[in-house]
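Since the structure comes first, as structure tokens, the remarks are kept for the end.
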Amino acid sequence: MPAADIDLDRIDLRILNLLQEDGRIANLKLAEAVALSPTAVLARVQRLTRDGYILGYEARLNPIKLQAGMLVFVEVLLDRTTPNVFEQFKVAVQLRPEIMECHMVAGGFDYLIKTRTADMAAYRAFAGNVLWQLPGVRETRTYAVMEEVKNSSRLHLG
């Protein structure tokens, strides 16, 4: 059965919320929090993972301590909007670990990129050596973040 056809019950949603809060929560503690046996909770987590509701687990690192404290968003406008140019751009972006996120968007530009660097000098080097060298890039607009007001990857599940 496709994942879209599965109805999540309140326990599934509670499990997902708890895992978003702490991906390293022990199965026993998770079971206690949702009032099920550890075996039943493990089966639900395995099902939620198998059906694609849980994509994986990762540590959230402190970018400031790791010399990546400057957060930058970049609007990218391509010189031509043909399938070939889009594909070349997407392939090139996948190869660049400095690019944390890249989204094709509707509106006045083609892509929105998120990256982190140590400082403005490092961003300038990234722009010249990586960003402006990506296939099809005609124009970019850079937005350096002055203050992170909220940074979360958690989904609101109701």
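All figures in this text were calculated on a predicted structure; none of them were measured in a lab. Note: hydrogens, waters and symmetry copies are ignored here, and every other heavy atom, side chains too, is used.
Residues Arg116 and Gly69 approach most closely at NH1-O, 3.6 Å, considering heavy atoms. In plain terms, the two heavy atoms of Gly128 and Gln133 that are nearest each other are O-NE2, 3.1 Å. For the residue pair Ala92 and Pro135, the shortest heavy atom distance occurs at CB-CD, 3.4 Å. When every heavy atom of Leu18 is checked against every heavy atom of Ala33, the shortest pair comes out as CD1-CB, 3.6 Å. Here the closest heavy-atom approach between residue Ala118 and residue Ala122 is recorded as N-CB, 3.9 Å.
Atom CZ of Arg14 is separated from atom CG of Leu157 by 11.5 Å, given to the nearest 0.5 angstrom. Taking CG of Asp22 as the start and NZ of Lys29 as the end, the distance is 7.0 Å to the nearest 0.5 Å. Distance CZ/Arg44 to CD1/Ile15: 5.5 Å, rounded to 0.5 Å. In this structure, Leu36 CG and Thr39 OG1 are separated by 10.5 Å, a value rounded to the nearest 0.5 Å. Within the model, atoms CD of Glu148 and CD1 of Ile64 stand 7.5 Å from one another, a figure rounded to the nearest 0.5 Å. The distance from the OG1 atom of Thr49 to the CG atom of Leu55 is 9.0 Å, given to the nearest 0.5 Å.
Under the 4.5 Å side-chain contact rule for hydrophobic residues, Val145 and Leu61 do not share a cluster. At a threshold of 4.5 Å between side-chain heavy atoms, the hydrophobic network of Ile, Leu, Val, Met, Phe, Trp and Tyr places Leu28 and Val34 in two separate groups. Linking Ile, Leu, Val, Met, Phe, Trp and Tyr residues whenever their side-chain heavy atoms come within less than 4.5 Å leaves Leu42 and Tyr57 in two separate clusters. Val93 is not connected to Leu112 by any chain of hydrophobic side-chain contacts under 4.5 Å among Ile, Leu, Val, Met, Phe, Trp and Tyr, and they are in different clusters. Met104 and Val85 fall within a single hydrophobic cluster, where Ile, Leu, Val, Met, Phe, Trp and Tyr side chains are chained together by heavy-atom contacts under 4.5 Å.
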Next item on the list: Give the intermediate values and the outcome of side chain to side chain contact (heavy atoms under 4.5 Å, CB included) for residues Ile99 and Leu134.
Entry: CA-CA 12 Å; Ile99 298 173; Leu134 292 170; 4.2 Å; yes
Notebook entry, point to check: Given Thr117 and Glu98, is the side chain to side chain contact (heavy atoms under 4.5 Å, CB included) satisfied, shown in steps?
Noted result: CA-CA 8 Å; Thr117 61; Glu98 309 92 334; over 6 Å; no
Next item on the list: Check the pair Arg47, Asp12 against salt bridge (charged side-chain N to carboxylate O under 4.0 Å, His left out), reporting the backbone distance first and the verdict last.
Entry: CA-CA 10 Å; Arg47 176 181 50 81; Asp12 289 332; 2.8 Å; yes
Next item on the list: Report the C-alpha separation of Asn151 and Leu71 in whole Å, then their side-chain angles, then the decisive distance to 0.1 Å, and conclude whether the side chain to side chain contact (heavy atoms under 4.5 Å, CB included) test is met.
Entry: CA-CA 11 Å; Asn151 178 351; Leu71 176 59; 5.8 Å; no
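Judged by distance alone, the side chain of Asp51 and the main-chain N or O of Tyr53 form no donor-acceptor pair under 3.5 Å. Between the side chain of Arg138 and the main chain of Leu77, no donor-acceptor pair closer than 3.5 Å is present.
Between the side chains of Tyr123 and Thr142, a donor-acceptor pair is found at a separation under 3.5 Å.
At least one side-chain heavy atom of Leu30 sits less than 4.5 Å from a side-chain heavy atom of Leu19. Contact of the Val74 side chain with the Tyr143 side chain is not registered, since no non-hydrogen atoms from C-beta on lie closer than 4.5 Å. When side chains are defined from C-beta on, Arg154 counts as touching Glu21, because their heavy atoms get closer than 4.5 Å. A 4.5 Å side-chain heavy-atom check between Val105 and Asp110 finds every atom pair outside the cut-off.
Scored by the ring pair (Phe, Tyr, Trp, His ring centres under 6.0 Å) test, Phe89 finds Tyr111 as partners (sequence neighbours excluded).
The local environment of NZ in Lys114 is crowded, with over 12 non-hydrogen atoms from other residues, nucleotides or ligands closer than 6.0 Å. Atom CD of Glu58 has 12 or fewer neighbouring heavy atoms from other residues, nucleotides or ligands inside a 6.0 Å radius.
The residue from Ile113, Thr115, Val72 that alone fulfils the side chain to side chain contact (heavy atoms under 4.5 Å, CB included) condition with Leu131 is Ile113.
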